[in-house]
**Student:** 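Sending over a structure as structure tokens; questions will come in a sec.
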Amino acid sequence: MSAELVIRGGTVATAADTFAADIAISDGRIVALGKDLKGAREIDARGLLVLPGGIDSHVHIEQRSSSGVMTADDFYTGTRSAAAGGTTTVIPFAAQQRGMSVREVVEDYHKAATPKAVVDYAFHMIVSDPTSQVMGQELPALIERGYTSFKVYMTYDALKLDDRQMLDVLALARAHGAMTMVHAENHDVISWLSDRLLAGGHTAPKFHAVAHASIAEREATHRVITLAEIVDVPMLLVHVSAREAIEQIRWAQGRGLKIYAETCPQYLFLSAEDLDRPGFEGAKCMCSPPPRDRDNQRYVWEGLKSGVFQVVSSDHAPYRFDGPDGKKKHGPNPPFKMVANGVPGVGARLPLLFSAGVGEGRLSLNQFVALASTNHAKLYGLYPKKGTIAVGSDADLALWDPKKEVTITVDLLHDAMDYTPYEGRAVKGWPVLVLSRGEIVAEDGKVSEKAGRGRFLPCEKPSAAVPLGRRVHGFEPSSGKFQAERLS
Ligand code: URP
Ligand code: ZN
Ligand code: ZN
């Protein structure tokens with residue numbers, strides 16, 4: 001039987017295997033894997049890797065920052081950039097502000113996404129006001145309708161929950177089988193340090209990294225792990241940046257707790273030194289938690305290798321540098337507290353990770369696929385529709401040329417931003433052709449203009465079938481060497 005389309009002669013890689021195969025596609029799904037498959041149309045993938053399309057499970061699209069700045073990307077430009085960088089599913093946040101109904105926030109977010117998305121998407125929710133209406137009625141009903149994950153904050157005046165509220169949210173997640181994502185930083189430490197820094201005239205972007213001290217991340221990480229242990233529920237720590245926080249997560253995983261963790265390119269490729277770029281340029285690398293020092297980067301890589309982290313997401317938070325609604329909204333050189341937190345990255349995430357991870361021997365190709373795609377699908381209830389290459393799965397594929405050398409520039413990324421923090425960075429390996437449900441959405445630098453073709457994905461309840469790190473690595477700063485020991 002002839003399929004509509006065959007991807008011929010590529011090297012297929014999943015999170016588990018690497019093998020030579022053709023892929024036959026009909027009606028947007030994979031219908032066969034094998035040799036010499038027949039199709040009405042063919043794409044020649046000889047010399048290319050054929051990987052599951054990336055899933056970016058942490059992006060901010062059409063969302064206002066806590067300092068009142070709107071993201072530059074809407075669902076059209078945000079998902080177009082995703083496609084350009086090999087990502088075929090995004091999960092942004094329907095963000096509740098205090099006083100709002102989460103149900104209405106979700107309805108409004110659909111209105112923003114439906115006419116514009118180029119690739120498929122699911123929604124997380126942000127819960128900042130866990131009223132009895134929200135906790136007793138709205139969230140349970142939304143979870144049943146396919147919104148099975150929510151993010152909660154331990155910092156930001158407008159968003160943070162106290163420990164008692166956090167326990168309530170974790171208990172709700174346990175009762176209804178949802179996944180809680182936590183932004184773990186100690187709010188009072190950050191605000192106390194910020195006040196002292198600002199009072200002393202230390203207003204430049206680099207002091208953002210001083211205020212957001214890594215031990216404030218450590219303390220909050222430990223505290224919320226404790227809360228999850230009390231409730232006995234899986235939980236995921238987002239955008240983990242610091243060695244001290246990684247140590248807490250590894251400790252929890254070693255004790256058998258289902259604590260999952262995400263990191264992001266900014267903690268692998270940027271450092272606190274980037275916040276000290278001349279003039280106000282450091283603001284281009286300001287996010288929370290901030291990029292740390294180079295030793296931290298090595299810890300984060302080691303956490304990827306050893307399985308402490310299950311997912312690498314971009315935390316794409318595209319606030320423009322110039323213009324009235326951007327990092328300079330509150331003046332040409334505002335104090336760090338007035339600068340929107342976040343860096344863009346949905347388009348650059350996979351080329352950066354592939355190049356430094358697979359290309360430079362830090363990760364296997366299969367680890368890359370797990371971190372870039374498969375584990376996101378499993379943790380957020382989209383597997384095996386998304387996140388793998390198997391008969392029956394959606395034909396979301398990224399054809400990578402592992403030898404293609406590219407210098408990243410903002411123009412290549414097709415977002416609505418006026419900068420990328422990775423401008424000028426050379427990478428080897430690039431997604432040269434990207435398919436979403438069997439349809440080409442990016443090819444040789446051109447991206448689909450079909451706003452509205454992306455579909456909403458209701459999520460199943462997350463599966464616990466994602467491996468957690470089992471090895472413990474002790475890092476000796478003096479020798480600069482990692483020493484692995486087995487816990488079990
Ligand atoms: O700085 C960041 N990460 N901004 C986006 C909001 C968040 O906390 O993820
Ligand atoms: Zn966050
Ligand atoms: Zn974020």
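Indexing begins at 1, ligand by ligand and atom by atom, following the structure's order.
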**Student:** Are a donor atom and an acceptor atom from the side chains of Ser241 and Arg292 found within less than 3.5 Å of each other?
**Tutor:**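 Side chains of Ser241 and Arg292: pair found under 3.5 Å.
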**Student:** With a 4.0 angstrom cut-off on heavy atoms, strictly below it, pick out the residues next to ligand 1 and order them by chain and number.
**Tutor:**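 Near ligand 1, by chain and number: His58, His60, Lys151, Tyr153, Tyr156, His183, His239, Cys287, Ser288, Asp315, Ala317, Asn341, Gly342.
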**Student:** Could you check whether Phe309 and Tyr267 have their ring centres less than 6.0 Å apart?
**Tutor:**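 Not close enough - the centres of the two rings lie 6.0 Å or further apart.
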**Student:** For Glu138 and Ser101, test the side chains for any donor-to-acceptor distance below 3.5 angstrom and give the result as yes or no.
**Tutor:**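 Side-chain D/A pair, Glu138 to Ser101: present.
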**Student:** Using a cut-off of 2.8 Å, count how many protein N, O or S atoms are strictly closer to the Zn ion (ligand 2).
**Tutor:**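 Those protein atoms number 3 in total.
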**Student:** What is the distance from atom CD of Glu262 to atom OG of Ser314, rounded to the nearest 0.5 Å?
**Tutor:**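 Answer rounded to 0.5 Å: 8.5 Å.
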**Student:** Less than 6.0 angstrom from the centroid, inside 45 degrees of the normal: does Lys378 satisfy that with respect to the ring of Tyr383?
**Tutor:**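 Ring-cation test returns yes.
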**Student:** Under 6.0 Å from the ring centre and within 45 degrees of the ring axis: does the NZ or CZ of Lys327 meet both conditions for the six-membered ring of Phe280?
**Tutor:**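 Cation-pi check for Lys327 and Phe280: fails.
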**Student:** Per the ring-ring contact (aromatic ring centres under 6.0 Å, His included) rule, which among His58, His183, His316 passes with Phe93?
**Tutor:**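 Only match with Phe93 under ring-ring contact (aromatic ring centres under 6.0 Å, His included): His58.
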**Student:** Who pairs with Asp168 by salt bridge (charged side-chain N to carboxylate O under 4.0 Å, His left out), at least two apart in sequence or on another chain?
**Tutor:**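 By the salt bridge (charged side-chain N to carboxylate O under 4.0 Å, His left out) rule, Asp168 matches no residue at all.
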**Student:** So is Lys160 actually on top of Tyr153's ring, under 6.0 Å and inside 45° of the axis?
**Tutor:**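 No - Lys160 does not lie over the ring of Tyr153 by the 6.0 Å and 45° rule.
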**Student:** Could you check which N/O/S atom of His58 is closest to the Zn ion (ligand 3)?
**Tutor:**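 For His58, the N, O or S atom at the smallest distance from the Zn ion (ligand 3) is NE2.
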**Student:** Among residues at least two apart in sequence or on other chains, which ones pass ring pair (Phe, Tyr, Trp, His ring centres under 6.0 Å) with Tyr147?
**Tutor:**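 So Tyr147 forms a ring pair (Phe, Tyr, Trp, His ring centres under 6.0 Å) with His110, Phe456.
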